[in-house]
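Note that this is a predicted model, so its numbers are computed, not measured.
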Amino acid sequence: MAAILEIGDLFFRYHDGTPALKGVSLSIQQEEKVAILGPNGAGKSTLLLHFNGIHLPQQGFVRVDGEEISQDNERQVRSKVGLVFQDPDDQVFSATVWDDVAFGPLNMGLKRKNIEERVSSALQAVGMWEYRSRAPHHLSYGQKKRVAIAGVLAMSPDIIVLDEPAAYLDPAGQDALFAILDDLHRQGRTIVIATHDIDMAADWATSIILLKDGQILAQGGTELLVQDDLVGAADLRFPLVSQVFQEVAAALDLPLPRTVDEGKKMLFKLTRH
Ligand SMILES: Nc1ncnc2c1ncn2[C@@H]1O[C@H](COP(=O)(O)OP(=O)(O)OP(=O)(O)O)[C@@H](O)[C@H]1O
Ligand SMILES: [Mg+2]
């Protein structure tokens with residue numbers, strides 16, 4: 001299957017001289033659900049800001065659907081790749097919630113009726129329909145994050161990239177968000193998130209990328225999250241379910257569960273008589 005997003009030897013240094021990315025290469029296949037993990041300051045947000053041309057490579061390349069991102073095709077790239085920033089205060093700026101979510105579709109030059117449909121369904125999806133006339137800067141942080149997510153949903157991009165999407169969302173809001181993301185994934189979208197939530201990543205992702213000090217430590221399946229050396233190197237910990245079953249799985253030479261469902265199955269197997 002062709003890579004929908006490909007990054008080669010990407011370097012990026014901020015104006016003050018901080019090197020944030022030091023030769024990152026990775027490849028994301030269409031219809032994957034990718035979780036990028038790594039410690040604070042690893043470069044996750046800086047990397048995601050390259051996915052839709054907000055940062056342009058200082059060295060190396062970013063290709064979306066085979067086309068290299070440059071100043072000349074930023075607009076086109078942004079209709080293909082939707083990015084929800086880590087901090088909603090960097091993203092939500094219009095006078096009303098409705099205007100904010102309508103901003104992207106308006107810029108795409110869509111017809112009024114189509115825009116209205118997109119905005120109302122995106123606001124309903126994130127539970128913010130009731131707040132459509134409110135000023136975003138008077139909302140709670142979690143509510144602003146929901147509005148920022150709605151703004152990207154309304155664009156309906158092929159690749160949806162979210163920086164810490166669950167942070168500040170209440171548990172029901174987190175469940176609703178991942179239900180939406182899974183729905184979009186079933187419709188053929190590629191989803192990429194940066195997160196510190198190892199348990200969620202183990203349960204949700206089809207592909208894991210570990211980043212530290214601006215470099216890729218590993219890319220693979222969720223089995224990476226139970227590899228002692230990697231988990232230590234990336235300042236992570238094992239998923240909680242894996243921790244619960246670690247000794248018993250080793251003693252019985254069984255594969256270590258990584259998700260709640262796998263844990264339940266193992267428990268059932270062990271207690272069945
Ligand atoms: N605007 C900026 N100017 C200068 N340096 C920056 C800027 N933004 C980030 N950095 C630095 O770049 C490096 C990577 O930061 P980045 O925000 O990408 O990390 P992160 O992995 O997203 O961290 P977190 O888990 O805290 O969100 C860090 O050393 C950070 O201090
Ligand atoms: Mg970040």
Side-chain angles (χ1 to χ4, degrees), residues 1-74 76-78 80-86 157-165 185 188-198 201-202 204-236:
M1 203 189 267
I4 194 158
L5 207 118
E6 204 183 350
I7 292 182
D9 207 24
L10 179 66
F11 282 78
F12 189 83
R13 185 185 286 275
Y14 282 99
H15 290 304
D16 65 358
T18 309
L21 299 176
K22 305 179 207 164
V24 169
S25 297
L26 61 87
S27 163
I28 290 173
Q29 309 303 308
Q30 198 167 357
E31 297 184 28
E32 269 189 310
K33 297 197 287 183
V34 183
I36 303 177
L37 296 107
N40 293 133
K44 302 180 296 297
S45 296
T46 308
L47 179 62
L48 296 191
L49 290 166
H50 282 82
F51 283 16
N52 73 344
I54 290 174
H55 286 329
L56 290 169
Q58 293 166 346
Q59 198 182 312
F61 65 83
V62 179
R63 285 191 201 124
V64 175
D65 233 350
E67 195 174 343
E68 195 161 329
I69 304 184
S70 69
Q71 265 157 348
D72 305 329
N73 60 10
E74 268 172 46
Q76 192 192 334
V77 164
R78 278 183 207 164
K80 276 193 187 167
V81 186
L83 173 62
V84 179
F85 295 170
Q86 180 163 2
D158 290 340
I159 308 173
I160 301 171
V161 184
L162 306 103
D163 201 345
E164 284 290 350
H185 177 250
R189 289 351 190 282
T190 308
I191 321 266
V192 184
I193 64 171
T195 185
H196 291 296
D197 191 337
I198 295 154
W204 174 82
T206 58
S207 173
I208 298 286
I209 293 172
L210 301 181
L211 193 70
K212 188 180 183 182
D213 289 336
Q215 291 178 314
I216 301 281
L217 284 179
Q219 179 172 12
T222 55
E223 70 281 355
L224 297 185
L225 299 175
V226 290
Q227 283 181 22
D228 247 334
D229 48 345
L230 273 180
V231 165
D235 299 339
L236 298 172

*Looking at D235 and K212, does any basic side-chain N land under 4.0 Å from a carboxylate oxygen?*
yes

*asked:* Please find the pair of heavy atoms, one from Y14 and one from A20, that lie closest to each other, and give the distance.
replied: CE1-CB, 3.6 Å

*Could I get the full list of ring-ring contact (aromatic ring centres under 6.0 Å, His included) partners for F51, not counting sequence neighbours?*
none

*Drop me the distance from I4's CD1 to K80's NZ, to the nearest 0.5 angstrom.*
8.0 Å

*Would you list the pairs meeting ring-ring contact (aromatic ring centres under 6.0 Å, His included) in which at least one residue belongs to residues 207-232, sequence neighbours left out?*
none

*Parallel, tilted or perpendicular: which fits the ring planes of F12 and H50, with parallel below 30° and perpendicular above 60°?*
perpendicular

For residues 158-165, please give each side-chain donor-acceptor pair under 3.5 Å, one per line with the distance, not counting sequence neighbours.
{"unit_1": "D163", "atom_1": "OD2", "unit_2": "S45", "atom_2": "OG", "d": "2.5"}
{"unit_1": "E164", "atom_1": "OE2", "unit_2": "H196", "atom_2": "N", "d": "3.1"}

*asked:* Please find the pair of heavy atoms, one from A218 and one from L224, that lie closest to each other, and give the distance.
replied: CB-CD1, 3.9 Å

*For the atom pair CG (L217) and CD (Q227), what is the distance rounded to the nearest 0.5 Å?*
11.5 Å

*So, the side chain of T206 versus the backbone of K33: is there a donor-acceptor pair under 3.5 Å, distance only?*
yes

*Quick one: do W204 and I191 satisfy side chain to side chain contact (heavy atoms under 4.5 Å, CB included)? Show the steps, please.*
CA-CA 11 Å; W204 174 82; I191 321 266; 3.8 Å; yes

*Does the pair L37 and T195 meet the rule for a side chain to side chain contact (heavy atoms under 4.5 Å, CB included), with working shown?*
CA-CA 6 Å; L37 296 107; T195 185; 4.3 Å; yes

*Look up atom CD in E223 and atom CG in L230, then write down how far apart they are to the nearest 0.5 Å.*
10.0 Å

*What's the shortest heavy-atom distance between I208 and G221, and which atoms?*
CG1-O, 3.7 Å

*Over all heavy atoms of both residues, which pair between A205 and T222 is shortest? Give the atoms and the distance, please.*
O-CG2, 3.6 Å

*asked:* Check this for me: Q58, atom CD, are more than 12 non-hydrogen atoms of other residues, nucleotides or ligands nearer than 6.0 Å?
replied: yes

*Closest approach of S25 and I216, non-hydrogen atoms and distance?*
O-CG1, 3.8 Å

*Would you confirm whether S27, through its side chain, and E6, through its main-chain N or O, come within 3.5 Å as a donor-acceptor pair?*
no

*Before giving the answer on side chain to side chain contact (heavy atoms under 4.5 Å, CB included), spell out for L47 and L26 the whole-Å C-alpha distance, their side-chain angles and the decisive distance to 0.1 Å.*
CA-CA 11 Å; L47 179 62; L26 61 87; 3.9 Å; yes

*Measure from NZ or CZ of R63 to the centre of the six-membered ring of F61, then state whether that distance is under 6.0 Å and the direction lies within 45° of the axis.*
yes

*Enter the distance from R13:CZ to L21:CG here, rounded to the nearest 0.5 Å.*
11.5 Å

_Over all atoms of both residues, closest heavy-atom pair of S207 and Q219_ = OG-NE2, 3.9 Å

*Distance-only, no hydrogens or angles: does the E32 side chain make a donor-acceptor pair with backbone N or O of Q29 under 3.5 Å?*
yes

*asked:* For the CZ atom of R78 and the CG atom of N73, what is their distance to the nearest 0.5 Å?
replied: 10.0 Å

_Assess the residue pair L211 and V24 against the criterion (side chain to side chain contact (heavy atoms under 4.5 Å, CB included)); give the C-alpha distance rounded to whole Å, side-chain angles, the decisive distance to 0.1 Å, and a yes or no._
CA-CA 9 Å; L211 193 70; V24 169; 4.2 Å; yes

*First locate atom OG1 of T46, then atom CD1 of I54, and finally report the distance between them rounded to the nearest 0.5 Å.*
11.5 Å

_Pair D16-T18, side-chain donor/acceptor within less than 3.5 Å_ = yes

